[in-house]
Amino acid sequence: MNYWLMKSEPSVFGIDDLAARPKKTEPWDGVRNYQARNMMRDTMRRGDLAFFYHSNCEPPGIVGIMEVVREGYPDPTQFDPESKYHDPKSDLDDPRWYLVDVRLKKRFRAMVTLAELREHAGELGEFALLRKGNRLSVMPVETATWQRILELAGS
DNA sequence: GCCAACGTTGGC
DNA sequence: GCCAACGTTGGC
């Protein structure tokens, strides 16, 4: 099993929105970065777990855990002219963008803030989230890092 | 709101 | 294929 971290701006789609969805499940659409696309298309598997990270908000941090419930398939919003994620250059026969479906599994009692993560950076190994200038919205998390963060969450 | 970091685009 | 211009991300 692999572990991941997935970012979303709570003003666009936050953990409360996911909790309110039927079956607490949602297609993780709108990712328009090739590295993140590759991970969703090729590497993420049913049953993998992912931290839900709130970005571009005050304070940013990890708010809960999601489970991958459907593996990579084409993101339908790329073909929808009404969608803000519409990509006119994407070909129906060779879709450019992929997504996975995620289900909310656990909501942390208290967010593990980015500031807290930085305080514990020394114990978190190679953690891409803490690298300067990192903008990747879907990233792998090492098992040891995952477990240390669970401890920080007090769960 | 600012701006550093970084990805993408397009002219050449 | 280079690289300047531009757009976006996301912390602060």
Side-chain angles (χ1 to χ4, degrees), chain A residues 2-21 26-44 48-68 72-102 104-142 144-146 148-154:
Chain A
N2 287 308
Y3 297 106
W4 307 90
L5 180 144
M6 302 169 86
K7 298 178 184 173
S8 184
E9 300 187 21
S11 62
V12 177
F13 186 84
I15 197 166
D16 291 338
D17 298 299
L18 183 56
R21 287 293 194 265
E26 180 76 358
W28 199 260
D29 59 18
V31 173
R32 295 294 180 266
N33 169 281
Y34 288 105
Q35 256 184 287
R37 186 278 309 267
N38 292 348
M39 286 185 273
M40 293 203 291
R41 188 187 59 186
D42 307 329
T43 315
M44 295 178 90
D48 283 359
L49 299 179
F51 287 132
F52 193 141
Y53 180 85
H54 278 180
S55 66
N56 203 11
C57 58
E58 184 50 42
I62 297 169
V63 289
I65 297 172
M66 304 181 287
E67 180 179 355
V68 176
Y73 63 101
D75 180 344
T77 64
Q78 70 194 302
F79 301 120
D80 177 4
E82 304 296 309
S83 171
K84 64 175 171 175
Y85 302 125
H86 181 230
D87 182 353
K89 292 182 188 167
S90 186
D91 182 348
L92 257 174
D93 295 324
D94 184 21
R96 185 177 293 193
W97 306 113
Y98 281 69
L99 50 67
V100 298
D101 287 358
V102 290
L104 181 60
K105 190 168 166 86
K106 183 187 185 77
R107 194 197 279 259
F108 289 161
R109 187 165 305 172
M111 163 191 273
V112 180
T113 64
L114 179 60
E116 274 177 89
L117 292 168
R118 287 198 198 289
E119 284 169 26
H120 295 271
E123 310 151 35
L124 295 178
E126 265 302 300
F127 191 22
L129 184 76
L130 300 182
R131 279 207 293 268
K132 187 176 183 180
N134 164 64
R135 293 165 45 183
L136 199 53
S137 66
V138 177
M139 67 183 73
V141 178
E142 288 175 11
T145 306
W146 177 274
R148 187 70 189 97
I149 292 172
L150 283 188
E151 291 171 15
L152 295 177

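Residue numbering restarts at 1 for every chain, and letters A, B, ... go by the order of the sequence lines. Just so it is clear, the model here is predicted, and its values are computed rather than measured.
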Sugar-phosphate only, base, or nothing, as touched by A:R118 at under 4.0 Å among non-hydrogen atoms: sugar-phosphate
Residue pair A:Y85 / A:D80, side-chain donor-acceptor N/O under 3.5 Å: no
Mind calculating the distance between [atom1] ([X]) and [atom2] ([N]) to the nearest angstrom?
{"X": "A:N33", "N": "B:dC6", "atom1": "CG", "atom2": "P", "result": "13 Å"}
{"X": "A:D87", "N": "C:dG7", "atom1": "CG", "atom2": "P", "result": "17 Å"}
{"X": "A:M139", "N": "C:dT9", "atom1": "CE", "atom2": "C1'", "result": "12 Å"}
{"X": "A:K132", "N": "B:dC6", "atom1": "NZ", "atom2": "P", "result": "8 Å"}
{"X": "A:Y34", "N": "B:dT8", "atom1": "OH", "atom2": "C1'", "result": "9 Å"}
{"X": "A:R32", "N": "B:dT8", "atom1": "CZ", "atom2": "C1'", "result": "15 Å"}
{"X": "A:L129", "N": "B:dC6", "atom1": "CG", "atom2": "C1'", "result": "16 Å"}
{"X": "A:N134", "N": "C:dT9", "atom1": "CG", "atom2": "P", "result": "13 Å"}

C:dG10 phosphate, OP1 or OP2, under 4.0 Å from A:K7 side-chain N/O: yes
Validation row, ring centre A:F52 to ring centre A:W4 under 6.0 Å: no
Mutual orientation of the aromatic rings belonging to A:F13 and A:W28 [parallel < 30°, tilted 30-60°, perpendicular > 60°]: perpendicular
Along DNA chain B (nearest heavy atom to each residue), the more 5'-positioned of A:R96 and A:R135: A:R135
Which atom of A:L130 lies closest to which atom of A:L117, heavy atoms considered: CD1-O, 3.7 Å
